[in-house]
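Written below as structure tokens is the structure these notes are about.
Residues: numbered from 1 along the sequence shown.
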Amino acid sequence: MSSETDDEDILAHVLLPVAHEADALATATALEPYGPANVTALHVVEKGGGVPDKTPVEQSEDLAAESYAAVRSVFPDADDHTAYGRDVAAKIFDAADEVDASAIAYRSRGGNRLMQFLSGDISVKLVTQANRPVIALPREEES
């Protein structure tokens, strides 16, 4: 990718990390107006390191499948990519390399400062440690 990047280059292949079905639909809907050429939905199954998994892997894989279906309701040709590990931000970066994404687009999950601290504040890691453009999508306030 050249150092002079225009909008078309940034939107050539967008990696879209999603947490669950509702998040996937909201995130894909927020990305849709920007017209990315290609989209790969990413779900990170948090597991590994000899510690108990947050949810059983099979349940997490079902959650991933539901998330991918929600993204495809907005982007019918979207690809999917599932990653496994504890460090969600690192897995997002690894997946971006693996699929050769031009950018990572995400929608902040929100929550109070304590929730952001407990989650390792993935948003901060995304915008400060990424090796490619990161697009923070607008978040509609849920009523």
Side-chain angles (χ1 to χ4, degrees), residues 1-113 115-140 142:
M1 185 181 282
S2 70
S3 60
E4 292 183 29
T5 306
D6 61 26
D7 289 344
E8 291 177 339
D9 290 336
I10 289 173
L11 296 172
H13 185 180
V14 176
L15 182 69
L16 196 67
V18 295
H20 50 74
E21 185 177 12
D23 173 64
L25 182 59
T27 304
T29 300
L31 177 62
E32 184 180 29
Y34 302 97
N38 296 297
V39 173
T40 297
L42 168 69
H43 180 80
V44 178
V45 176
E46 293 185 62
K47 79 174 265 64
V51 293
D53 296 330
K54 288 185 177 182
T55 57
V57 172
E58 186 175 299
Q59 182 181 345
S60 295
E61 289 173 341
D62 290 345
L63 194 63
E66 293 166 358
S67 298
Y68 300 147
V71 170
R72 285 194 189 100
S73 73
V74 178
F75 298 105
D77 297 328
D79 291 323
D80 59 66
H81 188 87
T82 305
Y84 298 86
R86 285 264 176 230
D87 186 338
V88 174
K91 291 300 172 185
I92 292 170
F93 298 145
D94 290 348
D97 289 340
E98 289 170 24
V99 304
D100 196 25
S102 57
I104 300 166
Y106 80 101
R107 189 175 141 273
S108 172
R109 306 295 185 286
N112 62 31
R113 288 183 194 269
M115 289 303 297
Q116 291 176 358
F117 174 76
L118 292 174
S119 70
D121 205 354
I122 295 167
S123 295
V124 171
K125 290 181 182 178
L126 285 177
V127 298
T128 61
Q129 299 175 10
N131 64 354
R132 69 198 72 232
V134 174
I135 302 165
L137 297 167
R139 181 175 174 81
E140 293 288 324
E142 294 148 9

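R132 contributes a side-chain N or O that, together with a main-chain N or O of A101, makes up a donor-acceptor pair within less than 3.5 Å. In terms of modelled atom types and a separation under 3.5 Å, the side chain of R107 and the main chain of L137 share no donor-acceptor contact. Judged purely by atom type and a 3.5 angstrom limit, T40 has no side-chain atom pairing as donor or acceptor with the backbone of D79. Panel note: side chain H43, backbone V18; a donor-acceptor pair is recorded below 3.5 Å. In this structure, N38 contributes its side chain and A12 its backbone to a donor-acceptor pair below 3.5 Å.
Side-chain contact between S73 and L25 is present, with at least one heavy-atom pair separated by less than 4.5 Å. At least one side-chain heavy atom of L11 sits less than 4.5 Å from a side-chain heavy atom of I135. Side-chain atoms of I104 and L42, non-hydrogen and from C-beta on, never get closer than 4.5 Å to each other. Counting heavy atoms from C-beta on, the side chains of D87 and F93 never come closer than 4.5 Å. At a threshold of 4.5 Å between non-hydrogen side-chain atoms, the residues D80 and R72 count as touching. Residues I122 and I92 are in side-chain contact: their nearest non-hydrogen atoms beyond the backbone lie under 4.5 Å apart.
In plain terms, the two heavy atoms of K91 and A83 that are nearest each other are CB-CB, 4.1 Å. Closest of all the heavy-atom pairs between A24 and S67 is CB-O, 3.3 Å. Looking at every heavy atom in both residues, A78 comes nearest to V71 through CB-CG1, 3.9 Å. In terms of heavy-atom proximity, F75 sits nearest to A28 at CE1-O, 3.5 Å.
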Test side chain to side chain donor-acceptor pair (under 3.5 Å) on T82 and Y68 and set out the steps. CA-CA 10 Å; T82 305; Y68 300 147; 2.7 Å; yes
